[in-house]
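Notes follow the structure.
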2 protein chains.
Amino acid sequence: MKRNAAQHDHRKCVHTALSTAEAVCKARGEKLTPVRKRVLELVWASHRPVGAYALLDSLRADGRSAAPPTVYRALEFLLAQGLVHRVESLNAYLGCAHPAADHAAQFLICRQCGTAAELEETDIASAIDRHAKRAGFTVERRTVEAMGLCAACQTA
Amino acid sequence: MKRNAAQHDHRKCVHTALSTAEAVCKARGEKLTPVRKRVLELVWASHRPVGAYALLDSLRADGRSAAPPTVYRALEFLLAQGLVHRVESLNAYLGCAHPAADHAAQFLICRQCGTAAELEETDIASAIDRHAKRAGFTVERRTVEAMGLCAACQTA
DNA sequence: TCTTGATTGAAATAGTATAACATCCACATC
DNA sequence: GATGTGGATGTTATACTATTTCAATCAAGA
């Protein structure tokens with residue numbers, strides 16, 4: 001296991017993510033097709049943001065026929081369902097830790113080990129919205145990404 | 001003039017940005033060479049984030065010999081001096097409104113007219129840092145970008 | 001003058017993402 | 001069961017963003 005962060009039962013993470021996804025899609029009448037499910041599983045293979053072409057390589061390693069649109073279409077679906085997030089500063093994708101509800105997420109990305117933790121702090125979002133409102137600006141989406149060192153990498 | 005935001009004397013913006021840049025570089029013993037200065041001027045041609053290849057096209061339109069590294073190197077320098085910001089969610093670059101001091105900036109980007117306003121609200125940065133600290137995470141850089149509608153585009 | 005280091009020029013390539021069109025499949029309807 | 005419809009996928013090509021590498025040039029100090 002490559003993670004530097006606290007050890008945990010990662011299979012449980014993956015399993016939870018996949019079953020939640022099944023439930024969410026079923027409730028919405030959306031189809032979690034095999035490609036989509038597999039891409040979600042691959043995104044959840046680690047707690048690090050993964051690039052689209054890394055996902056593509058993995059799909060191909062499965063023996064599946066795949067081209068860039070294959071993975072981008074799957075990601076588009078998963079993003080629309082809130083099952084994954086896009087990390088803008090890395091052009092990479094990360095499984096969403098709390099996919100059931102709408103939420104404004106923030107990310108803590110470790111420059112050392114690459115892991116990303118997801119926060120959902122409403123006061124960060126509301127601070128942004130408040131200052132935006134003062135400028136007459138209506139916020140629709142927020143990108144909040146902090147780069148630095150995670151707890152494990154600081155001690156090391 | 002294409003901006004939907006409040007009208008203003010944009011030549012003054014550009015002039016101020018360029019003279020501040022001269023001063024900042026001089027004070028630091030850094031060289032604001034012709035290419036760098038021209039790229040800064042082009043970035044300031046509007047209050048919208050500009051893509052690197054759009055800058056490249058403009059450099060070429062000047063009659064200057066230019067390749068991608070030309071503009072990326074200039075941008076790298078300007079970013080290092082805090083004279084421009086990179087907008088991660090657009091892969092684009094924006095003149096910094098307050099280049100003299102170190103600061104944590106936030107951006108309000110209008111999806112309609114493309115203009116971006118820069119905020120420098122310490123409480124947004126500190127809210128991020130506070131939650132990060134609770135997670136044992138040390139923040140080194142923050143990316144805060146809000147997408148939505150600016151005042152002008154809302155009324156329209 | 002010499003030399004050293006930063007800057008720029010130039011060519012190639014890597015990495016990220018989308019467009020366009022064909023094909024297939026599931027499902028509803030007849 | 002045949003047919004039609006729309007969503008999903010396959011496939012090829014291309015657009016957009018960024019970096020690597022090495023050569024040439026320039027500026028400033030010894």
Side-chain angles (χ1 to χ4, degrees), chain A residues 21-22 25-26 28-43 48-81 83-94 109 114 143 145, chain B residues 21-22 25-26 28-43 48-81 83-94 109 114 143 145:
Chain A
E22 296 274 19
C25 289
K26 184 164 187 180
R28 294 177 189 161
E30 300 285 350
K31 291 184 246 184
L32 190 64
T33 63
V35 206
R36 291 168 176 175
K37 188 170 178 178
R38 179 64 177 141
V39 168
L40 182 59
E41 188 180 10
L42 288 168
V43 164
R48 306 169 211 255
V50 194
Y53 279 71
L55 294 169
L56 180 56
D57 289 344
S58 302
L59 283 182
R60 284 174 169 161
D62 287 352
R64 199 184 292 263
S65 144
T70 309
V71 58
Y72 281 104
R73 287 196 279 230
L75 287 170
E76 179 184 33
F77 172 85
L78 296 169
L79 287 165
Q81 300 306 316
L83 297 169
V84 306
H85 292 289
R86 178 179 158 83
V87 179
E88 299 290 348
S89 56
L90 298 175
N91 295 333
Y93 305 84
L94 184 69
I109 306 157
T143 297
E145 299 169 8
Chain B
E22 296 274 19
C25 289
K26 185 165 188 179
R28 294 178 189 162
E30 300 285 351
K31 293 182 247 183
L32 190 65
T33 63
V35 206
R36 290 167 178 178
K37 187 170 177 179
R38 179 63 177 141
V39 168
L40 182 59
E41 188 180 9
L42 289 168
V43 165
R48 307 169 211 254
V50 194
Y53 279 71
L55 294 169
L56 180 56
D57 288 345
S58 301
L59 284 182
R60 285 175 168 161
D62 287 352
R64 198 184 292 263
S65 145
T70 309
V71 58
Y72 281 105
R73 286 196 280 230
L75 288 171
E76 180 184 34
F77 172 85
L78 297 169
L79 287 166
Q81 299 307 317
L83 297 169
V84 306
H85 291 289
R86 178 179 158 82
V87 178
E88 300 290 348
S89 57
L90 297 175
N91 295 332
Y93 304 85
L94 186 67
I109 307 156
T143 297
E145 300 168 7

Practice item. Between D:dG10, D:dT12, D:dA18, spot the one nearest the side chain of B:P68, thanks. Key: D:dA18
Practice item. Measure the distance between the ring centre of B:Y53 and the centre of the six-membered base ring of D:dT17, then answer whether it is under 5.5 Å with planes under 30°. Key: yes
Exercise for review: Would you kindly give the CD-to-P distance between B:E88 and C:dT16, to the nearest whole Å?
Suggested key: 13 Å
Check your understanding: Going through the checks in order, is the side-chain hydrogen bond (donor to acceptor under 3.5 Å, both in side chains) test met by A:E88 and A:T143?
Key -> CA-CA 8 Å; A:E88 299 290 348; A:T143 297; 4.8 Å; no
Review point. Of B:N91 and B:P34, whose nearest nucleotide on DNA chain C comes first from the 5' end?
Key: B:P34
Study note, to complete from the structure: Taking C:dA10, C:dT8, D:dT11 as options, the one with an atom nearest any side-chain atom of B:S65 is C:dA10
Practice item. May I have the distance from A:K31 (atom NZ) to C:dC27 (atom P), rounded to whole angstrom? Key: 7 Å
**Study point:** Closest listed nucleotide, where the reference is the side chain of A:V35 and the choices are C:dT18, C:dT7, D:dT9
**Key:** D:dT9
Check your understanding: Are B:F77 and B:E30 close enough, and set up right, to give a side chain to side chain contact (heavy atoms under 4.5 Å, CB included), and what steps lead you there?
Key -> CA-CA 9 Å; B:F77 172 85; B:E30 300 285 351; 3.8 Å; yes
Check your understanding: From the list D:dA18, C:dT7, D:dT12, which nucleotide is the closest neighbour of the side chain of B:R36?
Key -> C:dT7
Practice item. Give the intermediate values and the outcome of side chain to side chain contact (heavy atoms under 4.5 Å, CB included) for residues B:N91 and A:N91. Key: CA-CA 10 Å; B:N91 295 332; A:N91 295 333; 4.2 Å; yes
**Study point:** Interatomic distance, A:K37 NZ vs D:dT9 P [rounded to whole Å]
**Key:** 14 Å
Check your understanding: Counting only N and O atoms by type, is there a donor-acceptor contact under 3.5 Å from the side chain of B:R36 to the main-chain atoms of B:L78?
Key -> no
Check your understanding: Nearest to the side chain of A:Y72, which nucleotide is it out of C:dT16, C:dT8, D:dT11?
Key -> C:dT16
Review point. Where the side chain of B:P69 is defined as all heavy atoms beyond and including C-beta, which of D:dT20, D:dT11, C:dA17 is the nearest nucleotide?
Key: D:dT20
Review point. Between A:E41 and A:R38, is there a side-chain N and carboxylate O pair less than 4.0 Å apart?
Key: yes
Check your understanding: What is the distance, rounded to the nearest whole Å, between atom CG of B:L75 and atom C1' of D:dA18?
Key -> 11 Å
Review point. Of all the choices, D:dA8, D:dT21, D:dA18, which nucleotide is nearest to the side chain of B:R73 once you look at every atom?
Key: D:dT21
Check your understanding: So what does B:R86 hit on the nucleic acid, given a heavy-atom distance under 4.0 Å: a base, only sugar-phosphate, or nothing?
Key -> sugar-phosphate
Study note, to complete from the structure: A:L79 atom CG is separated from C:dA17 atom P, nearest whole Å, by 11 Å
Check your understanding: What's the CG-P distance between B:L56 and D:dA18, to the nearest Å?
Key -> 12 Å
Study note, to complete from the structure: Rounded to whole Å, the CG-C1' distance (B:D57 to D:dT17) equals 13 Å
Point to revise | Among D:dG7, D:dT9, D:dA18, the nucleotide that comes nearest once only the side chain of B:Y93 is considered | key: D:dA18
Check your understanding: For B:E76 and C:dT8, what is the distance between atoms CD and P respectively, to the nearest whole Å?
Key -> 11 Å
